[in-house]
Amino acid sequence: MSESSSFYPSVEDSYYRLLAHIPGIAYRCRVDKVLESDGGLHLDYRLEFASKGSRELLGVDAKDLMASRDNSIERMTHPDDLQAMRRDICEHVLAHQSYQVMYRIILPDGKTKWIWDQGEGVFGRDGELWFIEGLMMDVSEQKFMEMSLREENRRLRGSSDKLMGLGGLVGQSEAMRRVYELMIKASSTDTSVIIYGETGSGKDVVARTIHSLSGRKGAYVPVNCGAIPENLLESEFFGHVKGAFTGAASAKEGYIAAANGGTLFLDEIGELPHHLQVKLLRALENRSYTPVGGNTPRTSDFRLISATNQDIRAMVREKKMRADFYYRINVLSITVPPLRERLSDLPLLIAAWKEKRGLSIDIPLSVNLAMSRYDWPGNIRELQNFLDRYAAFGEAALESLGGAAMNVMMEDVAETCTTLEAAVLRLEEKLIRGALEACRWNRGEAAARLGINLRTLQRRMKAFGLGRSASAGDDAEGKGRRP
């Protein structure tokens with residue numbers, strides 16, 4: 001060895017320097033003997049080494065910990081956790097296994113911390129246990145968040161029959177209470193979830209709420225599988241390295257990388273082609289993937305939630321979806337009911353829409369009746385669209401409800417008119433008023449919509465006393481004139 005080599009630090013010095021900077025405590029304890037008590041077997045040991053992190057973690061300097069004759073760490077351990085901590089460490093060490101335990105400690109200032117303690121036994125050649133060595137870290141933030149979420153889920157689970165809504169969902173029907181229960185259950189696990197439901201029923205809202213309740217710190221990454229060109233799917237999901245294909249001027253992360261630590265939501269999952277199902281299945285099972293054009297696997301801890309309005313089981317039978325992929329994504333299923341199956345929730349949905357829009361408009365009985373008799377093929381999305389149009393155009397918006405609105409209109413006419421002539425006139429007035437409101441009182445457009453000429457419309461408007469100043473958009477024949 002050259003003289004200059006003496007200036008290099010020893011391996012031992014390097015280890016001590018490294019241990020002084022770790023976020024926690026590296027420790028070694030000498031085991032004196034194995035004791036037996038009412039709590040079972042436990043080790044009698046003395047702390048021989050503790051790294052400098054003890055001041056930040058325990059509020060006590062390392063030298064003071066080691067100077068103490070008793071076991072300072074056990075003395076600081078919460079009484080409710082001490083026996084279980086002792087038993088777990090002893091059982092694993094005597095079985096020549098590493099241990100991982102979580103317990104509370106009470107600091108000198110009275111505060112409580114959650115500790116993650118992991119280590120193993122060190123044995124001599126004769127099999128005698130000499131030491132236990134390990135690492136202690138502060139996991140209070142994660143533990144307190146976990147406890148808070150667990151309590152929130154417990155509270156929600158205990159009162160799901162009273163919920164008016166959950167997350168962005170609104171409804172108190174039996175069908176929606178069942179959805180809430182499944183969402184709370186899904187939020188307490190990392191298992192894959194698939195959401196079934198018609199277009200506009202709120203599948204994305206369900207997925208977002210599960211992600212929010214789960215407490216996952218990563219991003220919520222929504223993907224519409226049916227909106228991505230097939231030749232770009234692999235790159236969009238797994239990313240690509242620079243030069244992977246023509247136009248790849250720089251590297252790009254995909255959806256799976258973006259969802260690391262969070263949730264990947266795949267809407268219209270039935271649109272994924274077979275070759276991508278295979279690669280996504282592999283990423284789900286191994287938590288690893290390889291970008292397009294790359295050779296080095298990467299990892300991503302993502303939680304998968306998917307959604308569809310298709311019959312996935314039928315797609316498996318028809319070989320449009322791989323069976324192994326289906327079973328991997330369909331661990332827990334949630335079916336969001338269509339609006340027509342929970343019309344009792346309409347008042348709550350309307351109230352929520354008013355609050356969101358900051359409106360206090362009254363919706364007359366005839367409009368409420370028409371809404372309650374409509375099938376709502378577009379579900380919540382269609383309802384919100386209708387309400388927005390009603391706020392802008394009044395009863396003219398009822399035209400979009402088709403037969404349901406006409407039936408209510410006919411019933412209203414029948415209830416308020418005693419003769420056929422009066423009923424016909426009342427219905428005619430309603431139809432003309434509705435057409436005018438729908439066309440923003442553009443008489444030319446309203447006449448075309450009603451299938452009559454402009455002069456006939458003007459005469460009927462005059463007879464019914466319907467008048468409003470013409471808008472700048474009226475045609476030349478009707479511009480600036482009143483009926």
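Residues: numbered from 1 along the sequence shown. As the structure is a computational prediction, the values presented were derived from the model and not from experiment.
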Could you tell me whether a side-chain N or O of N224 sits under 3.5 Å from a main-chain N or O of G226, the two making a donor and an acceptor?
yes
Residues D301 and R216 bridged, charged N to O under 4.0 Å:
yes
Can you list the steps and then say if I228 with V223 is a side chain to side chain contact (heavy atoms under 4.5 Å, CB included)?
CA-CA 9 Å; I228 307 172; V223 180; 3.7 Å; yes
For residues V331 and S192, report the shortest heavy-atom separation together with the two atoms involved.
CB-O, 3.4 Å
Indicate yes or no for a side-chain donor-acceptor contact from S188 to the backbone of K185 under 3.5 Å, with no hydrogens or angles considered.
yes
Side chains of R104 and I115: closer than 4.5 Å at any heavy-atom pair?
no
Does M76 reach the side chain of L58, with side-chain heavy atoms less than 4.5 Å apart?
yes
Please determine, by modelled atom types, if E382 and Y374 share a side-chain donor-acceptor pair under 3.5 angstrom.
yes
Taking the six-membered ring for Trp, are the ring centroids of H96 and F123 within less than 6.0 Å of each other?
yes
Set of residues satisfying side-chain contact (heavy atoms from CB on, under 4.5 Å) with respect to E56, sequence neighbours excluded:
none
L346 and S372: which non-hydrogen atoms are nearest, and at how many Å?
CD1-CA, 3.8 Å
Compare all side-chain heavy atoms of Q277 with those of M321 and state whether any distance is below 4.5 angstrom.
yes
Under a 4.5 Å cut-off applied to non-hydrogen side-chain atoms, are V336 and Y196 in contact?
no
Any chance you could measure L233, atom CG, to C225, atom SG, to the nearest 0.5 Å?
7.5 Å
Residues forming a side-chain contact (heavy atoms from CB on, under 4.5 Å) with D109, sequence neighbours excluded:
L107, K111
Could you tabulate the donor-acceptor pairs under 3.5 Å formed by side-chain atoms of residues 290-299, not counting sequence neighbours?
none

Show me the pairs that pass salt bridge (charged side-chain N to carboxylate O under 4.0 Å, His left out) and involve residues 202-214, at least two apart or across chains.
D204-R208
T189 backbone acceptor or donor facing R303 side chain under 3.5 Å:
yes
How long is the straight-line distance from CE of M85 back to SG of C90, given to the nearest 0.5 Å?
12.0 Å
Within the distance-only criterion (no hydrogens, no angle test), does the side chain of H240 pair as donor or acceptor with the backbone N or O of E234 below 3.5 angstrom?
no
Run the numbers on L387 and I363 for side chain to side chain contact (heavy atoms under 4.5 Å, CB included), then give the verdict.
CA-CA 10 Å; L387 291 171; I363 298 179; 4.0 Å; yes
Set of side chain to side chain donor-acceptor pair (under 3.5 Å) partners for R313, sequence neighbours left out:
none
Taking it one step at a time, do Q172 and L348 satisfy side chain to side chain contact (heavy atoms under 4.5 Å, CB included)?
CA-CA 8 Å; Q172 202 178 22; L348 290 175; 3.8 Å; yes
A side-chain contact here means heavy atoms from C-beta on lying under 4.5 Å apart; do V367 and Y390 qualify?
yes
Is the backbone N or O of A259 less than 3.5 Å from a side-chain atom of Y220, with the two atoms forming a donor-acceptor pair by type?
no
Who passes ring pair (Phe, Tyr, Trp, His ring centres under 6.0 Å) against Y327, sequence neighbours left out?
none
All heavy atoms of M66 vs all of A50, minimum pair found to be SD-N, 3.7 Å
Quick one: side chain to side chain donor-acceptor pair (under 3.5 Å) partners of D64, sequence neighbours excluded?
none
Test side chain to side chain contact (heavy atoms under 4.5 Å, CB included) on I105 and T112; report intermediate values, then the result.
CA-CA 6 Å; I105 59 170; T112 299; over 6 Å; no
Name all pairs fulfilling the side-chain hydrogen bond (donor to acceptor under 3.5 Å, both in side chains) condition that reach into residues 338-365, sequence neighbours left out, sorted by first residue then second.
S173-D345, E198-R340, R342-D345, W353-D388, R357-D388
Determine, for D324 against R322, whether the closest basic-nitrogen to carboxylate-oxygen distance falls under 4.0 angstrom.
yes
Acceptor/donor pairs from residues 269-276 side chains to any protein atom, 3.5 angstrom cut, sequence neighbours excluded:
from	atom 1	to	atom 2	distance (Å)
E271	OE2	Q310	NE2	3.1
H274	NE2	K319	O	2.9
H274	NE2	K320	O	3.3

Is the closest side-chain heavy-atom distance between V193 and M183 below 4.5 Å?
no
Contacts satisfying side-chain hydrogen bond (donor to acceptor under 3.5 Å, both in side chains) that involve residues 254-265 (not counting sequence neighbours) are H211-T263, E236-Y255
May I ask you to decide if M371's main-chain N or O and W376's side chain share a donor-acceptor pair within less than 3.5 Å?
yes
Side chains of E74 and Y45: any donor to acceptor distance under 3.5 Å?
yes
For residues S54 and A62, report the shortest heavy-atom separation together with the two atoms involved.
OG-N, 2.9 Å
N/O donor-acceptor pair under 3.5 Å between S333 side chain and N330 backbone:
no
For Y289, run the side chain to side chain contact (heavy atoms under 4.5 Å, CB included) check against I256, L284, L280 and tell me which one passes.
I256
Considering only heavy atoms from C-beta outward, does the side chain of F237 approach that of L266 to under 4.5 Å?
yes
Can you see which heavy atom on Q118 is nearest to which on Y27, and at what distance?
O-OH, 4.3 Å
Does any donor atom in the side chain of R389 or N385 lie under 3.5 Å from an acceptor atom in the other side chain?
yes
Side chain to side chain, P108 and V60, heavy atoms closer than 4.5 Å
yes
With rounding to the nearest 0.5 Å, note down the distance linking CD1 in I89 to CD1 in I132.
5.5 Å
Salt bridge (charged side-chain N to carboxylate O under 4.0 Å, His left out) filter on R287, not counting sequence neighbours, yields none
Do any N or O atoms from the side chain of D44 and from the backbone of V34 form a donor-acceptor pair under 3.5 angstrom?
no
Nearest heavy-atom contact between P337 and A175 is CG-CB, 3.7 Å
Can a donor-acceptor pair be found, under 3.5 Å and without considering hydrogens, that links the side chain of R28 to the backbone of F131?
no
With rounding to the nearest 0.5 angstrom, report the CZ to CZ distance, F325 to R282.
12.5 Å
Output for pair (M136 CE, S51 OG), nearest 0.5 Å, gives 10.0 Å
Do the side chain of N379 and the main chain of R381 share a donor and acceptor less than 3.5 angstrom apart?
no
Who pairs with H92 by ring pair (Phe, Tyr, Trp, His ring centres under 6.0 Å), at least two apart in sequence or on another chain?
none
Can you measure from CD (E318) to CG (D311) and round to the nearest 0.5 angstrom?
8.0 Å
